[in-house]
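When reading the values below, keep in mind they use all heavy atoms of this one structure, side chains included, and skip hydrogens, waters and symmetry mates. Note that ligands are numbered from 1 as they come in the structure, with each ligand's atoms numbered from 1 the same way.
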Amino acid sequence: MQTLQTSTPARLCYLHLASKAPQQQVDFYRRLLDMDSQAQADGSWLLQGPQRAMLVSPADHSGLLAAAYDLGSPTSLSLLRARLTERGCAIDAIDSPLLEAGAFQIRDPQGRQTVFGVSRGTPGSLLPGMPGRLQHVVFQTTELEAMIDFYVNTVGFTVSDTVVDQQSGQLTTCFLRSDDEHHSLAFFRGSKNEWDHHCYETNEWNDIRDWGDRFAKERITLFFGPGRHGPGNNLFFMVVDADRNRLEFSAELEITEASRPAGVWPQEEYTLNSWGRAWIRS
Ligand SMILES: [Fe+2]
């Protein structure tokens with residue numbers, strides 16, 4: 001079967017956030033993530049930093065409106081569009097200040113929106129700031145199997161690793177890739193359907209140290225990590241932003257060959273953090 005990885009590799013390129021307090025949120029990402037902001041005509045803010053970008057729209061709630069993936073070329077984008085249409089997935093055209101004309105969005109069976117397009121240049125890659133490429137987004141879901149079915153069989157993601165509760169035999173987590181990186185999307189089984197976190201991939205362990213020091217200066221404490229995840233083998237820590245959305249900084253994420261079979265890990269703290277205590281979603 002054709003997958004995103006083997007036929008139309010896709011990379012996360014920006015997130016579209018809703019915010020009840022957009023000014024505070026914009027200020028957080030400007031100050032702590034070296035992002036520049038531009039007010040947009042529709043009242044949103046466009047934020048760009050080195051290899052990371054975000055749209056923040058005022059709303060009566062805070063959270064994620066959409067995650068956008070860059071297909072790299074119009075040819076790949078039309079191949080993906082044709083494949084999604086063939087598989088019965090509804091497609092809506094969208095305009096985005098970060099994507100060339102022709103971008104579109106889809107909705108998963110629980111209503112999450114994913115945008116696909118071709119990035120306008122490499123947004124912010126030459127901007128000054130600490131290294132951290134927007135790399136993955138993760139959700140909690142009450143319907144894990146249905147989400148895996150949609151993202152694998154309709155969209156074309158590949159399962160890199162799953163985590164299984166050994167007593168019940170139930171899947172608890174699934175890591176999905178859209179190119180050679182271990183995961184650009186993941187789902188945890190939870191009692192609610194909510195945004196779990198997003199992640200910035202740095203160049204090395206010392207970058208994790210420097211990001212930790214930056215948050216320390218503002219008295220923002222890490223709530224998970226530093227540690228190393230089992231699936232993906234990446235070093236990490238997590239903090240929260242001005243709206244209490246969780247964000248992660250990572251290094252050494254596994255590169256996964258297309259031929260590698262999906263792995264299975266037991267649901268235990270060691271899997272989620274081989275260095276210590278883990279945040280177990282419930
Ligand atoms: Fe993560």
So, [X] and the Fe ion (ligand 1): N/O/S under 2.8 Å, yes or no?
X	value
Asp196	no
His183	no
His197	yes

The Fe ion (ligand 1) to Glu248: nearest N/O/S atom name: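 For Glu248, the N/O/S atom sitting closest to the Fe ion (ligand 1) is OE1.
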Which atom of His136 approaches the Fe ion (ligand 1) most closely (N/O/S): NE2
Regarding [X] and [Y], is there a side-chain donor-to-acceptor distance under 3.5 Å anywhere?
X	Y	value
Gln135	Ser250	no
Arg177	Ser160	yes
Asp161	His182	yes

N-O pairing of Glu194 and Arg281 below 4.0 Å: no
Distance flag, aromatic centroids of Phe150 and Phe187, threshold under 6.0 Å: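 No, ring centres 6.0 Å or more apart.
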